[in-house]
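First the structure, in the form of structure tokens, and then the observations on it.
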Amino acid sequence: METSQTHSSESMSKDLSELLKEATKEVHEQAENTPFMKNFQKGQVSLHEFKLVTASLYFIYSALEEEIERNKDNPVYAPVYFPAELHRKAALEEDLKYFYGSNWRKEIPCPEATQKYVERLHYVGKNHPELLVAHAYTRYLGDLSGGQVLKKIAQKALQLPSTGEGLAFFTFDGVSNATKFKQLYRSRMNALEMDHATKKRVLEEAKEQPASPHPLVFEALQELVSKGQENGHPQQPKAELRTRNVNKSYEHGAAPGKECEKTNRRHTGMMPTTPLVRWILALGFLATTVAVALFAM
């Protein structure tokens, strides 16, 4: 028992960035080796899917950055507050305007999985802000690293303009040297004052929440692709796609963000009915950026 406790204590003495990398290593490796991930790296992604994911990202980053702003002066997060360099909401707004037009706010869908992610982010930001670093580190450094690979793949596969329209999400104008910035971010994060118990909770948050990719997401999406429900097949007409307003709240979280909730009510003709499909579309690509970025972080 004493040996086990000693080993745990020694493990928690490592830098937080190293602990996060180790904690999510296995699931990242599994995700990278699924058929879906391999297909994406080959450029097998549809515009319809890409647009839906961009919409989900907008709601997620809006929630994440709202909570970051709430806690920007809180010592549990302040050292890693880099809005000019990292924040993605404005960039996603540019992309959505390109894909959906000037009326994009009324057009984008907010799937159930996205809503649950939004609820969790608001709950963490309001009640356990020390856990925000798990989401911020996994998301932002993943986007900054692996996201650059996905940008090139998506640009080519979807035949997007070489000038970057539709890909603002992947463009970090405030970061001149990604490698040096990531080193700075990791050093700031490692300097956060956390006891062993808090570090453990941060690691659990990174592994258990949607910020961490799960290989089953890729496997399930690949199964749908194989059955002809997604990539490589004509997009279904809007009239054939459905969504429903989801009222179920996250068991530990507050009510979903108003904008996301309103969007759910508006979209009665934009998302598939199958809960699995909605969940996969919302999270599959989110996980992909992190999986590609693992060893670059």
Exercise for the section: Say whether, by atom type as modelled, one donor and one acceptor occur between the side chain of Asn177 and the main chain of Lys180 under 3.5 angstrom. Expected result: yes
Handout entry: Any residue meeting salt bridge (Lys or Arg N to Asp or Glu O under 4.0 Å) with Glu18, in chain and number order, not counting sequence neighbours
Key = none
Exercise for the section: Among residues two or more places apart or on two chains, list those pairs meeting side-chain hydrogen bond (donor to acceptor under 3.5 Å, both in side chains) that have a residue in residues 166-176. Expected result: Lys151-Thr171
Problem - Within residues 69-80 or reaching into it, pairs that qualify as salt bridge (Lys or Arg N to Asp or Glu O under 4.0 Å) - sequence neighbours excluded - result: Glu66-Arg70, Glu67-Arg70, Glu69-Lys72
Problem - Atom pair CG (Leu19) and CE (Met194), whose distance is rounded to the nearest 0.5 Å - result: 10.5 Å
Problem - Non-hydrogen atoms of Leu167 and Gln155 that approach each other most closely - result: CD1-CB, 3.6 Å
Exercise for the section: Go through the side-chain N and O atoms of His135 and Arg120 and say whether any donor and acceptor fall under 3.5 Å apart. Expected result: no
Problem - Any donor-acceptor N/O pair, Asp15 side chain to Asn190 backbone, under 3.5 Å - result: no
Handout entry: Distance-only side-chain donor-acceptor flag, Arg186 / Tyr137, under 3.5 Å
Key = no
Problem - Which residues share a side chain to side chain donor-acceptor pair (under 3.5 Å) with Asp195, sequence neighbours left out - result: Thr198
Problem - Check ion pair Glu65-Arg88 (N to O, under 4.0 angstrom) - result: no
Handout entry: Atom of Glu130, atom of Val202 and distance for their closest heavy-atom approach
Key = O-CG2, 3.8 Å
Practice task
With sequence neighbours left out, write down each residue that passes side chain to side chain donor-acceptor pair (under 3.5 Å) with Tyr185, or none if nothing qualifies.
Solution key: none
Exercise for the section: Report yes or no: does Thr138 contribute a side-chain atom to a donor-acceptor pair with the main-chain N or O of Ala134 at less than 3.5 Å? Expected result: yes
Practice task
For Ala157, check side-chain contact (heavy atoms from CB on, under 4.5 Å) against everything at least two apart and list the hits.
Solution key: Val45
Handout entry: Under the ring pair (Phe, Tyr, Trp, His ring centres under 6.0 Å) test, residues paired with Phe181 that sit two or more places apart
Key = Phe82
What pairs of donor and acceptor atoms, side-chain ones from residues 158-165 against any protein atom, are under 3.5 angstrom apart with sequence neighbours left out?
residue	atom	partner	partner atom	Å
Thr163	OG1	Glu165	OE1	2.3
Thr163	OG1	Glu165	OE2	3.3

Exercise for the section: Inspect the contact between Lys116 and Glu112 and indicate whether a charged nitrogen and a carboxylate oxygen are less than 4.0 angstrom apart. Expected result: yes
Exercise for the section: Give a yes-or-no answer on whether the side chains of Lys182 and Ser145 include a donor-acceptor pair shorter than 3.5 Å. Expected result: yes
Problem - Counterpart residues, ring pair (Phe, Tyr, Trp, His ring centres under 6.0 Å), relative to Phe99 (two or more places apart) - result: Phe50
Handout entry: Heavy-atom donor-acceptor pair, Asp95 side chain to Thr54 backbone, under 3.5 Å
Key = no
Problem - Contacts of type salt bridge (Lys or Arg N to Asp or Glu O under 4.0 Å), residue Lys152, not counting sequence neighbours - result: none
Exercise for the section: Can you spot which of Tyr98, Tyr61, Tyr140 makes a ring-ring contact (aromatic ring centres under 6.0 Å, His included) with Phe169? Expected result: Tyr61
Problem - Student check: side-chain heavy atoms of Tyr117 and Phe59 closer than 4.5 Å - result: no
Handout entry: Separation of Gln115 CD from Cys110 SG (nearest 0.5 Å)
Key = 5.5 Å
Handout entry: Side-chain donor/acceptor of Arg188 to backbone N/O of Val80, under 3.5 Å
Key = no
